[in-house]
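Below: one structure, written as structure tokens.
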Amino acid sequence: MKEIILAAVVGLLLCTVATAIFRVWDIEQRASLLLRIFLACFCLLVALYLLTPDDLYLLGRETIVPSKPVGLLFCSFLYTAGFFGGVLQIYNLADRGLSLRMLIDISSSKVGTMTPREMTTAYADGKGLVWMYDKRIDGILGAGLARRDGDLIAITSKGMRFARLFASLKGFGRTGEISR
Amino acid sequence: MIFGALYGVFAFAVFFCVQLIFIRSLSSTQWLVWNKRGVLAALVVLSASTELMQGLTGSTWLTSGGWLLSALWGDLTFLCLYVLYMPFYFVVMTSLSVETLIMLHHRGGTLHVSQLQERFSSEAFVADRFATMSRNGMLRQTTDGYAVTEKSRQTIRLFLFIKSLWRLGAGG
């Protein structure tokens, strides 16, 4: 039980620290900052796990895991999954979710409705879809998956490997119908 | 407790294999519905069968803490694996960056920026996205275009709160 309690407490601490930093400072690379907070809190989690008593002074003996390494592994797993599957996903959706942004733009428009043509310019408080796609292209270029040569975008060998992998995965599943 | 975690991994492996069959045999919308039902069913079955399965193992080391704690560990393990798996699925299936790479790959490796923009930031692209969102119940078509549904209003409210809390700006 100690594992669940510590993972939850440190996870909550991560959210609180991230929220405080986001509210006080204007951060450009928020995802990378989140990752650094995650790592710092992870160190704290390990230290807390090793330094605190197994029963946390309040739990029953039957709730103590018979192996400390296994307990630490489980605790780390809960915390890591909570971050990568929870906090980081919520951040990504809130900050980059395409469909979510479209929903917000439609609901905040004067008439409450929007045509596809209107959305191309109204997207993200009037920044437009070209701006959105430029951000994606910048991300691809920044990751070294493609390179820009004037008006041309050329895929790199690294990008080609990813493209083959993703194409085969997409080929296995369904495509295009799920919006995010 | 340790047995519960191992049982959770096993249950997720079974769930994942069933998912692979469903991904190929159902439409994406149907798949999402069955995905949610599958998770709930898996959690219930996992909890309900932990005591029985624990009884089959003779190890007190694995089963220490009793079946209730084992069930909790099992459910948590399953849920953690699930929340790690789903974002990966969505990235593969819906990411524009992934689609861009695949399009480049299929078109010989090089494209003009305007060709990519025509595909991913055009009116036709939005129309296609709106149609998908309508099928998923997030939008409804009106005489003037598309409007949000009550279902999506709740999502909008939640994320507007998060955006405001973290001062994320327009984003997108």
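Here B:L20 is the residue among B:T155, B:L139, B:L72, B:L20 with the most heavy-atom pairs under 4.5 Å with chain A. Contact count against chain A (heavy-atom pairs under 4.5 Å) is highest for B:L165 among B:I162, B:L96, B:L165. Chain A forms the most heavy-atom pairs under 4.5 Å with one residue out of B:L62, B:L76, B:I2, B:L116, and that residue is B:L116. Of all the listed residues (A:R136, A:M1, A:K135), the one sharing the greatest number of non-hydrogen pairs under 4.5 Å with chain B is A:R136. Taking A:G86, A:G82, A:A124, A:A94 one by one and counting their heavy-atom pairs under 4.5 Å with chain B, the maximum is reached by A:A94. For the options A:T80, A:L152, A:V111, heavy-atom pairs under 4.5 Å to chain B are most numerous at A:L152. Each of A:T113, A:T120, A:T115 has some count of heavy-atom pairs under 4.5 Å with chain B, and the biggest count is that of A:T113. Of all the listed residues (A:G60, A:S67, A:A146, A:A18), the one sharing the greatest number of non-hydrogen pairs under 4.5 Å with chain B is A:S67. When the candidates B:L158, B:T149, B:L160, B:T100 are compared by the number of heavy-atom contacts under 4.5 Å with chain A, B:T100 comes out ahead. Between chain A and the residues B:G109, B:S114, B:G145, the largest count of heavy-atom pairs under 4.5 Å involves B:G109. If you tally non-hydrogen atom pairs under 4.5 Å between each of A:R148, A:M119, A:R23 and chain B, the highest count goes to A:R23. Of the listed residues B:I156, B:L79, B:L69, the one with more heavy-atom pairs under 4.5 angstrom with chain A than any other is B:I156.
Expressed to the nearest 0.5 Å, how far CZ of A:R30 lies from CG of A:D95 amounts to 5.5 Å.
Applying the 6.0 Å contact sphere to CZ of A:F166 captures more than 12 heavy atoms from other residues, nucleotides or ligands. Counting heavy atoms of neighbouring residues, nucleotides and ligands inside a 6.0 Å radius, atom CG of A:D26 does not exceed 12 of them. Atom CZ of B:R107 is surrounded by 12 or fewer heavy atoms from other residues, nucleotides or ligands within 6.0 Å. With a 6.0 Å radius and a threshold of 12 heavy atoms from other residues, nucleotides or ligands, A:R61 has its CZ atom at or below the threshold.
For B:F88, the part lying near chain A is the side chain, with the backbone staying farther off; criterion is any non-hydrogen pair under 4.5 Å. Only the backbone of B:S164 comes within contact range of chain A, with heavy atoms under 4.5 Å apart. With a 4.5 angstrom heavy-atom cutoff, B:L81 touches chain A via backbone and side-chain atoms both. Looking at A:I64, the atoms closer than 4.5 Å to chain B (heavy atoms on both sides) all sit in the backbone: N, CA, C or O. If you measure heavy-atom distances from B:F125 to chain A, the contacts under 4.5 Å come from the side chain alone. Looking at A:D105, neither its backbone nor its side chain comes within 4.5 Å of chain B, counting heavy atoms on both sides. Looking at B:T142, the atoms closer than 4.5 Å to chain A (heavy atoms on both sides) all sit in the side chain, from C-beta outward. At a 4.5 Å heavy-atom cutoff, the contact between B:Y146 and chain A is made by backbone and side-chain atoms alike. Contact of A:I4 with chain B is made through the side chain alone, with heavy-atom distances under 4.5 Å.
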Could you check A:R101 against A:D125 for salt bridge (Lys or Arg N to Asp or Glu O under 4.0 Å), going step by step and ending with a plain yes or no? CA-CA 9 Å; A:R101 187 62 247 179; A:D125 279 350; 3.4 Å; yes
Candidate pair A:I37 and A:I21, rule side chain to side chain contact (heavy atoms under 4.5 Å, CB included), full reasoning: CA-CA 10 Å; A:I37 299 171; A:I21 293 176; 4.0 Å; yes
ring-ring contact (aromatic ring centres under 6.0 Å, His included) for B:W31 and B:Y89? Distances and angles first, verdict last. CA-CA 12 Å; B:W31 178 81; B:Y89 173 83; 4.3 Å; yes
Side chain to side chain donor-acceptor pair (under 3.5 Å) assessment of B:S70 paired with B:Q54: CA-CA 9 Å; B:S70 274; B:Q54 263 201 177; 2.3 Å; yes
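Partner B:F15 forms a ring-ring contact (aromatic ring centres under 6.0 Å, His included) with one of B:F10, B:W34, B:F22, B:F78 and no other, that one being B:F78.
By the salt bridge (Lys or Arg N to Asp or Glu O under 4.0 Å) test, A:R147 is found to be paired with no residue, residues two or more places apart in sequence or in another chain being considered.
Between the side chains of A:S99 and B:R129, at least one donor N or O lies within less than 3.5 Å of an accepting N or O.
Counting only heavy atoms from C-beta outward, the side chains of B:M138 and B:V148 never approach each other to under 4.5 Å.
A tilted orientation is assigned to the rings of B:W166 and A:Y91, their planes being inclined by 30° to 60°.
Judged by distance alone, the side chain of B:Q117 and the main-chain N or O of A:Y133 form no donor-acceptor pair under 3.5 Å. With A:K170 contributing its side chain and B:V92 its backbone, the two residues share a donor-acceptor pair below 3.5 Å.
Contacts between residues 38-52 of chain A and chain B, counted as heavy-atom pairs separated by less than 4.5 Å, involve no residue at all.
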